[in-house]
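See structure below.
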Amino acid sequence: MKVTCFILKKLFFYLSGFIFLLGVNMSANATADNQVRASYIQLTAQSGKETDLADFLGVGAQLVSDTEPETLLWSALQSQDKKTLVIFDTFGSQAAQDAHFSGKIPEALSSKAHDLVQGGWNKGVVPNINNADIIAFKTTPDAVSNVKIATFIPLTAKAGQEENLANFLKQGAQIVKDNEPDTLHWFAIHFGQNKFGIVDFFPNQAAVDHHFAGGVAQAMQQHAATLVEGGWENGVVAGIQAFSVIEFIKR
(Lines give C-alpha, C1' and ligand atoms only; values in the text may rest on other atoms or scores of the structure.)
Protein backbone atom coordinates (compact mmCIF):
# COMPACT_ATOMS: atom_id res chain seq x y z
CA MET A 1 0.00 0.00 0.00
CA LYS A 2 2.84 2.40 0.88
CA VAL A 3 4.55 1.59 -2.43
CA THR A 4 1.34 2.32 -4.32
CA CYS A 5 0.91 5.66 -2.55
CA PHE A 6 4.52 6.55 -3.27
CA ILE A 7 4.09 5.75 -6.98
CA LEU A 8 0.88 7.78 -7.16
CA LYS A 9 2.57 10.77 -5.53
CA LYS A 10 5.46 10.60 -8.00
CA LEU A 11 3.04 10.29 -10.89
CA PHE A 12 1.11 13.32 -9.64
CA PHE A 13 4.37 15.26 -9.35
CA TYR A 14 5.44 14.51 -12.92
CA LEU A 15 1.98 15.20 -14.32
CA SER A 16 1.84 18.50 -12.46
CA GLY A 17 5.19 19.51 -13.91
CA PHE A 18 4.10 18.50 -17.39
CA ILE A 19 0.87 20.48 -17.13
CA PHE A 20 2.79 23.52 -15.87
CA LEU A 21 5.25 23.37 -18.77
CA LEU A 22 2.41 22.87 -21.22
CA GLY A 23 0.70 25.92 -19.80
CA VAL A 24 3.86 28.00 -20.17
CA ASN A 25 4.27 26.92 -23.79
CA MET A 26 0.64 27.62 -24.59
CA SER A 27 0.96 31.04 -22.99
CA ALA A 28 4.07 31.82 -25.03
CA ASN A 29 2.36 30.76 -28.25
CA ALA A 30 -0.73 32.78 -27.41
CA THR A 31 1.37 35.90 -26.86
CA ALA A 32 2.48 35.91 -30.50
CA ASP A 33 -1.15 36.02 -31.58
CA ASN A 34 -2.30 38.41 -28.88
CA GLN A 35 -2.08 41.73 -30.72
CA VAL A 36 -3.27 44.38 -28.26
CA ARG A 37 -1.52 47.70 -28.89
CA ALA A 38 -0.11 49.50 -31.93
CA SER A 39 1.82 52.65 -32.82
CA TYR A 40 1.65 54.60 -36.07
CA ILE A 41 4.39 57.21 -36.43
CA GLN A 42 4.61 59.37 -39.55
CA LEU A 43 7.90 61.13 -40.32
CA THR A 44 8.72 63.68 -43.01
CA ALA A 45 12.31 63.48 -44.17
CA GLN A 46 14.48 66.57 -44.34
CA SER A 47 15.04 67.64 -47.95
CA GLY A 48 17.76 65.47 -49.45
CA LYS A 49 17.74 63.11 -46.45
CA GLU A 50 15.10 60.65 -47.68
CA THR A 51 17.61 57.85 -48.28
CA ASP A 52 19.46 58.54 -45.03
CA LEU A 53 16.22 58.32 -43.02
CA ALA A 54 15.26 55.09 -44.78
CA ASP A 55 18.72 53.67 -44.03
CA PHE A 56 18.38 54.70 -40.39
CA LEU A 57 15.10 52.77 -40.17
CA GLY A 58 16.93 49.76 -41.54
CA VAL A 59 19.26 50.00 -38.55
CA GLY A 60 16.17 50.35 -36.35
CA ALA A 61 14.78 47.12 -37.73
CA GLN A 62 17.94 45.32 -36.68
CA LEU A 63 17.71 46.82 -33.19
CA VAL A 64 14.14 45.53 -32.86
CA SER A 65 15.18 42.11 -34.08
CA ASP A 66 18.08 41.94 -31.64
CA THR A 67 16.64 43.59 -28.51
CA GLU A 68 12.84 43.60 -28.52
CA PRO A 69 11.31 40.10 -28.34
CA GLU A 70 7.97 41.55 -27.22
CA THR A 71 7.60 43.81 -30.25
CA LEU A 72 5.42 41.45 -32.29
CA LEU A 73 5.50 43.33 -35.59
CA TRP A 74 7.67 46.25 -36.69
CA SER A 75 7.57 47.82 -40.11
CA ALA A 76 9.07 50.81 -41.89
CA LEU A 77 7.07 52.19 -44.80
CA GLN A 78 7.93 54.79 -47.45
CA SER A 79 5.69 56.83 -49.72
CA GLN A 80 6.12 56.86 -53.48
CA ASP A 81 7.76 60.31 -53.42
CA LYS A 82 10.18 59.00 -50.72
CA LYS A 83 9.53 62.00 -48.45
CA THR A 84 7.13 60.37 -45.98
CA LEU A 85 8.20 57.43 -43.86
CA VAL A 86 6.07 55.57 -41.35
CA ILE A 87 6.84 53.24 -38.48
CA PHE A 88 3.99 50.87 -37.67
CA ASP A 89 4.46 48.37 -34.87
CA THR A 90 2.32 46.12 -32.70
CA PHE A 91 2.60 44.71 -29.19
CA GLY A 92 1.00 42.06 -27.02
CA SER A 93 0.60 44.35 -24.01
CA GLN A 94 0.85 47.94 -22.82
CA ALA A 95 4.00 46.97 -20.92
CA ALA A 96 5.64 45.79 -24.15
CA GLN A 97 4.75 49.03 -25.89
CA ASP A 98 6.13 51.04 -22.98
CA ALA A 99 9.35 49.00 -23.07
CA HIS A 100 9.71 49.72 -26.78
CA PHE A 101 9.45 53.47 -26.24
CA SER A 102 12.07 53.22 -23.50
CA GLY A 103 14.36 51.24 -25.78
CA LYS A 104 17.19 51.82 -28.21
CA ILE A 105 15.23 52.99 -31.26
CA PRO A 106 13.68 56.11 -29.68
CA GLU A 107 17.04 56.88 -28.10
CA ALA A 108 18.81 56.61 -31.46
CA LEU A 109 16.09 58.51 -33.35
CA SER A 110 16.10 61.36 -30.82
CA SER A 111 19.81 61.86 -31.47
CA LYS A 112 19.44 61.75 -35.28
CA ALA A 113 16.06 63.45 -35.76
CA HIS A 114 17.47 66.99 -36.07
CA ASP A 115 19.40 65.96 -39.19
CA LEU A 116 16.91 63.49 -40.68
CA VAL A 117 13.36 64.59 -39.82
CA GLN A 118 11.59 67.87 -40.54
CA GLY A 119 10.86 69.48 -37.18
CA GLY A 120 13.43 67.37 -35.38
CA TRP A 121 12.53 65.21 -32.40
CA ASN A 122 10.21 67.57 -30.54
CA LYS A 123 8.18 68.83 -33.49
CA GLY A 124 8.69 66.20 -36.18
CA VAL A 125 8.57 62.94 -34.21
CA VAL A 126 6.88 63.26 -30.81
CA PRO A 127 3.64 64.94 -32.03
CA ASN A 128 3.30 62.27 -34.74
CA ILE A 129 3.40 59.28 -32.38
CA ASN A 130 -0.12 57.87 -32.51
CA ASN A 131 -0.72 54.99 -30.12
CA ALA A 132 -3.80 52.82 -30.54
CA ASP A 133 -5.73 49.80 -29.36
CA ILE A 134 -5.92 46.94 -31.84
CA ILE A 135 -9.59 46.02 -32.10
CA ALA A 136 -9.28 43.32 -34.78
CA PHE A 137 -6.52 41.77 -36.85
CA LYS A 138 -5.38 39.06 -39.20
CA THR A 139 -1.78 37.89 -39.47
CA THR A 140 -0.28 35.25 -41.73
CA PRO A 141 2.40 32.94 -40.29
CA ASP A 142 5.79 33.19 -41.98
CA ALA A 143 4.67 36.07 -44.25
CA VAL A 144 7.67 38.35 -43.86
CA SER A 145 9.96 38.47 -46.90
CA ASN A 146 7.04 38.69 -49.33
CA VAL A 147 5.47 41.76 -47.67
CA LYS A 148 5.97 44.53 -50.23
CA ILE A 149 3.07 47.02 -50.08
CA ALA A 150 1.15 48.59 -47.20
CA THR A 151 -1.88 50.84 -47.04
CA PHE A 152 -3.23 53.05 -44.28
CA ILE A 153 -6.80 54.34 -44.14
CA PRO A 154 -7.66 56.84 -41.39
CA LEU A 155 -11.33 56.84 -40.41
CA THR A 156 -13.31 59.31 -38.31
CA ALA A 157 -16.49 57.88 -36.85
CA LYS A 158 -19.62 59.98 -37.01
CA ALA A 159 -20.91 61.22 -33.67
CA GLY A 160 -22.47 58.35 -31.75
CA GLN A 161 -21.21 55.74 -34.25
CA GLU A 162 -17.92 54.87 -32.58
CA GLU A 163 -19.07 51.50 -31.23
CA ASN A 164 -20.83 50.62 -34.48
CA LEU A 165 -17.71 51.40 -36.51
CA ALA A 166 -15.59 49.30 -34.15
CA ASN A 167 -18.00 46.39 -34.53
CA PHE A 168 -18.00 46.81 -38.30
CA LEU A 169 -14.19 46.61 -38.36
CA LYS A 170 -14.26 43.44 -36.25
CA GLN A 171 -16.58 41.89 -38.83
CA GLY A 172 -14.24 43.12 -41.55
CA ALA A 173 -11.35 41.22 -40.01
CA GLN A 174 -13.33 38.00 -40.30
CA ILE A 175 -14.11 38.71 -43.96
CA VAL A 176 -10.41 39.20 -44.64
CA LYS A 177 -9.51 35.98 -42.80
CA ASP A 178 -12.10 33.96 -44.69
CA ASN A 179 -11.67 35.37 -48.19
CA GLU A 180 -8.34 37.13 -48.69
CA PRO A 181 -5.27 34.91 -48.36
CA ASP A 182 -3.13 37.54 -50.09
CA THR A 183 -4.03 40.23 -47.60
CA LEU A 184 -1.15 39.02 -45.47
CA HIS A 185 -1.62 41.19 -42.39
CA TRP A 186 -4.61 43.40 -41.55
CA PHE A 187 -5.13 45.59 -38.48
CA ALA A 188 -8.09 47.67 -37.38
CA ILE A 189 -6.94 50.17 -34.78
CA HIS A 190 -8.60 52.71 -32.48
CA PHE A 191 -6.58 55.81 -31.66
CA GLY A 192 -9.15 57.01 -29.15
CA GLN A 193 -12.43 58.92 -29.19
CA ASN A 194 -13.74 58.87 -32.80
CA LYS A 195 -10.41 58.20 -34.56
CA PHE A 196 -9.84 54.79 -36.16
CA GLY A 197 -7.64 53.33 -38.89
CA ILE A 198 -6.90 50.28 -41.01
CA VAL A 199 -3.33 49.17 -41.75
CA ASP A 200 -2.79 46.25 -44.10
CA PHE A 201 0.08 44.52 -45.90
CA PHE A 202 0.24 42.81 -49.29
CA PRO A 203 2.72 40.90 -51.48
CA ASN A 204 1.91 42.75 -54.72
CA GLN A 205 -0.41 45.22 -56.44
CA ALA A 206 -2.76 42.48 -57.60
CA ALA A 207 -3.45 41.61 -53.96
CA VAL A 208 -4.10 45.28 -53.18
CA ASP A 209 -6.54 45.54 -56.07
CA HIS A 210 -8.30 42.34 -55.01
CA HIS A 211 -8.66 43.63 -51.45
CA PHE A 212 -10.12 46.97 -52.49
CA ALA A 213 -12.61 45.18 -54.73
CA GLY A 214 -13.46 42.65 -52.00
CA GLY A 215 -15.99 42.14 -49.28
CA VAL A 216 -14.70 44.66 -46.74
CA ALA A 217 -14.56 47.48 -49.29
CA GLN A 218 -18.03 46.62 -50.58
CA ALA A 219 -19.48 46.57 -47.08
CA MET A 220 -17.72 49.82 -46.17
CA GLN A 221 -19.06 51.50 -49.29
CA GLN A 222 -22.55 50.44 -48.28
CA HIS A 223 -22.29 51.62 -44.65
CA ALA A 224 -19.83 54.52 -44.78
CA ALA A 225 -22.51 57.19 -45.06
CA THR A 226 -23.84 56.09 -41.67
CA LEU A 227 -20.58 55.28 -39.90
CA VAL A 228 -17.82 57.56 -41.24
CA GLU A 229 -17.46 61.33 -41.41
CA GLY A 230 -17.36 62.27 -45.09
CA GLY A 231 -18.94 59.01 -46.24
CA TRP A 232 -17.33 56.70 -48.77
CA GLU A 233 -15.70 59.16 -51.15
CA ASN A 234 -14.47 61.87 -48.78
CA GLY A 235 -14.16 59.86 -45.56
CA VAL A 236 -12.67 56.62 -46.85
CA VAL A 237 -11.33 56.77 -50.43
CA ALA A 238 -9.79 60.23 -50.08
CA GLY A 239 -7.75 59.11 -47.09
CA ILE A 240 -6.17 55.95 -48.53
CA GLN A 241 -2.38 56.12 -48.36
CA ALA A 242 -0.11 53.58 -50.06
CA PHE A 243 3.49 52.78 -49.13
CA SER A 244 6.36 50.54 -50.09
CA VAL A 245 7.45 48.27 -47.24
CA ILE A 246 11.16 48.83 -46.73
CA GLU A 247 11.57 46.90 -43.45
CA PHE A 248 9.35 44.23 -41.90
CA ILE A 249 9.80 42.08 -38.80
CA LYS A 250 7.20 39.72 -37.36
CA ARG A 251 7.51 37.39 -34.38
Side-chain angles (χ1 to χ4, degrees), residues 35 37-44 73-81 83-90 128-140 143 147-159 161-246 248:
Q35 308 274 353
R37 294 285 290 167
S39 299
Y40 186 94
I41 307 168
Q42 183 169 307
L43 309 172
T44 302
L73 182 150
W74 192 92
S75 61
L77 319 175
Q78 189 167 32
S79 62
Q80 187 173 3
D81 65 6
K83 297 178 181 178
T84 301
L85 292 102
V86 169
I87 299 169
F88 177 73
D89 40 21
T90 70
N128 295 319
I129 298 173
N130 297 287
N131 294 324
D133 292 320
I134 297 174
I135 57 177
F137 68 94
K138 171 206 170 177
T139 60
T140 302
V147 177
K148 303 299 183 184
I149 301 172
T151 63
F152 172 59
I153 310 172
L155 302 168
T156 301
K158 283 192 169 183
Q161 294 295 322
E162 294 85 358
E163 184 176 354
N164 290 334
L165 180 55
N167 289 334
F168 173 87
L169 294 173
K170 292 175 184 178
Q171 295 169 9
Q174 193 59 53
I175 293 173
V176 172
K177 290 176 184 178
D178 292 343
N179 299 288
E180 298 185 17
D182 285 338
T183 300
L184 301 177
H185 310 286
W186 188 96
F187 297 89
I189 55 180
H190 183 207
F191 295 110
Q193 299 183 336
N194 63 344
K195 301 297 183 182
F196 295 80
I198 299 171
V199 181
D200 35 22
F201 297 87
F202 308 91
N204 50 50
Q205 187 60 46
V208 177
D209 295 342
H210 177 75
H211 173 68
F212 281 103
V216 177
Q218 292 173 13
M220 178 64 83
Q221 187 171 5
Q222 181 180 352
H223 294 286
T226 302
L227 298 176
V228 180
E229 287 286 351
W232 172 250
E233 290 295 336
N234 295 321
V236 181
V237 176
I240 297 173
Q241 302 168 37
F243 301 94
S244 297
V245 179
I246 59 174
F248 191 87

Exercise for the section: Can you sort out the partners of Thr84 under side chain to side chain donor-acceptor pair (under 3.5 Å), two or more places apart, ordered by chain and number? Expected result: none
Under 3.5 Å, side-chain donor or acceptor atoms of residues 225-235 against the rest of the protein: list the pairs with distances, not counting sequence neighbours.
none

Exercise for the section: Report the distance from atom OG of Ser244 to atom CD1 of Ile149, rounding to the nearest 0.5 Å. Expected result: 7.0 Å
Practice task
Please say whether more than 12 non-hydrogen atoms of neighbouring residues, nucleotides or ligands are located less than 6.0 Å from NZ in Lys158.
Solution key: yes
Practice task
Start with the C-alpha distance between Lys148 and Phe248, add both sets of side-chain angles, then the distance that settles side-chain contact (heavy atoms from CB on, under 4.5 Å), and finish with yes or no.
Solution key: CA-CA 9 Å; Lys148 303 299 183 184; Phe248 191 87; over 6 Å; no
I'd like a table of donor-acceptor pairs (distance under 3.5 Å, sequence neighbours excluded) in which one partner is a side-chain atom from residues 183-203, with atom names and distances.
from	atom 1	to	atom 2	distance (Å)
Thr183	OG1	Glu180	OE1	2.5
His185	ND1	Thr140	N	3.4
His185	NE2	Ala143	O	2.8
His190	NE2	Gln193	O	2.8
Lys195	NZ	Thr156	OG1	3.1
Asp200	OD1	Thr151	OG1	2.1
Asp200	OD2	His211	NE2	3.1

Problem - salt bridge (Lys or Arg N to Asp or Glu O under 4.0 Å) partners of residues 129-139, not counting sequence neighbours, each pair once - result: Arg37-Asp133
Exercise for the section: Give a yes or no answer on whether the side chain of Ser39 reaches the backbone of Asp89 with a donor-acceptor pair at less than 3.5 Å. Expected result: no
Practice task
Find the distance between CD (Gln174) and NZ (Lys170) and round it off to the nearest 0.5 Å.
Solution key: 13.0 Å
Handout entry: Member of Ile135, Val216, Asn164 meeting the side chain to side chain contact (heavy atoms under 4.5 Å, CB included) criterion with Leu169
Key = Ile135
Practice task
Could you tell me the separation between the CG atom of Leu77 and the CG atom of Leu43, rounded to the nearest 0.5 Å?
Solution key: 10.5 Å
Problem - Qualifying residues under side chain to side chain donor-acceptor pair (under 3.5 Å), relative to Thr90, sequence neighbours excluded - result: Gln35
Practice task
Quick one: list whatever passes side chain to side chain donor-acceptor pair (under 3.5 Å) with Asp209, sequence neighbours left out.
Solution key: Gln205
Practice task
Report yes if some heavy atom in the side chain of Val86 is under 4.5 Å from a heavy atom in the side chain of Phe243; otherwise report no.
Solution key: yes
Problem - For Leu85 against Ile246, the heavy-atom pair lying closest together - result: CD2-CD1, 3.9 Å
Practice task
Would you mind reporting whether Ile240 and Phe212 have side-chain heavy atoms less than 4.5 Å apart?
Solution key: yes
Problem - Tyr40 OH to Asn128 CG distance, which is reported to the nearest 0.5 Å - result: 10.0 Å
